[in-house]
Amino acid sequence: VLACVLACRSHQAIAAVGTQLKGHPHIGPQLYAMLQAAGFTDVRVRVLQPVFTVADEGHAVAKTSLHDIRHQVVANELATEDELDGLYRELAAMEKVPGSIVSLPRVFQVTGKRAD
């Protein structure tokens with residue numbers, strides 16, 4: 001449960017920064033309909049859910065991502081330096097817990113053929 005809570009807090013910070021920078025961090029579920037509306041044929045969608053265990057290199061992804069967006073989070077007043085330091089320490093500690101896993105947000109892969 002702790003892993004989920006920490007990863008969710010990290011993901012929320014990443015999504016908030018994406019929105020602040022005029023990104024659309026939640027566009028994935030809309031891509032299938034967007035391609036169909038644009039006239040693509042044979043549209044297909046796959047959803048991937050990357051998951052990492054303590055043994056995987058990717059286990060540190062949440063912590064690394066949080067580190068990478070730290071300045072944007074503080075600049076956009078989404079969290080303080082102290083709050084980020086605390087979350088970073090919690091994520092680092094969680095990486096060492098045997099049996100813990102970290103998952104990334106869902107990845108939507110949408111393909112189609114252009115109608116000629």
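In the hydrophobic clustering of ILVMFWY residues, with side-chain heavy atoms under 4.5 Å counting as a link, Leu35 and Val107 come out apart. A chain of hydrophobic side-chain contacts below 4.5 Å, direct or via other Ile, Leu, Val, Met, Phe, Trp or Tyr residues, connects Ile27 to Val45. A chain of hydrophobic side-chain contacts below 4.5 Å, direct or via other Ile, Leu, Val, Met, Phe, Trp or Tyr residues, connects Leu31 to Val47.
Here the NZ atom belonging to Lys96 is positioned 12.0 Å from the CG atom belonging to Leu91, to the nearest 0.5 angstrom. One finds the NE2 atom of His71 at 10.5 Å from the CG atom of Leu84 (value rounded to the nearest 0.5 Å). Within the model, atoms OG1 of Thr111 and CG of Asp42 stand 7.0 Å from one another, a figure rounded to the nearest 0.5 Å. Rounding to the nearest 0.5 Å places CZ of Arg46 at 15.5 Å from CZ of Arg106.
Side-chain contact between Glu83 and Val74 is absent, with no heavy atoms from C-beta onward closer than 4.5 Å.
When all heavy atoms of Gly112 and Phe40 are compared, the pair lying nearest together is C-CD2, 3.8 Å.
For Gln49, the CD atom sits in a packed shell: over 12 heavy atoms of surrounding residues, nucleotides or ligands are nearer than 6.0 Å.
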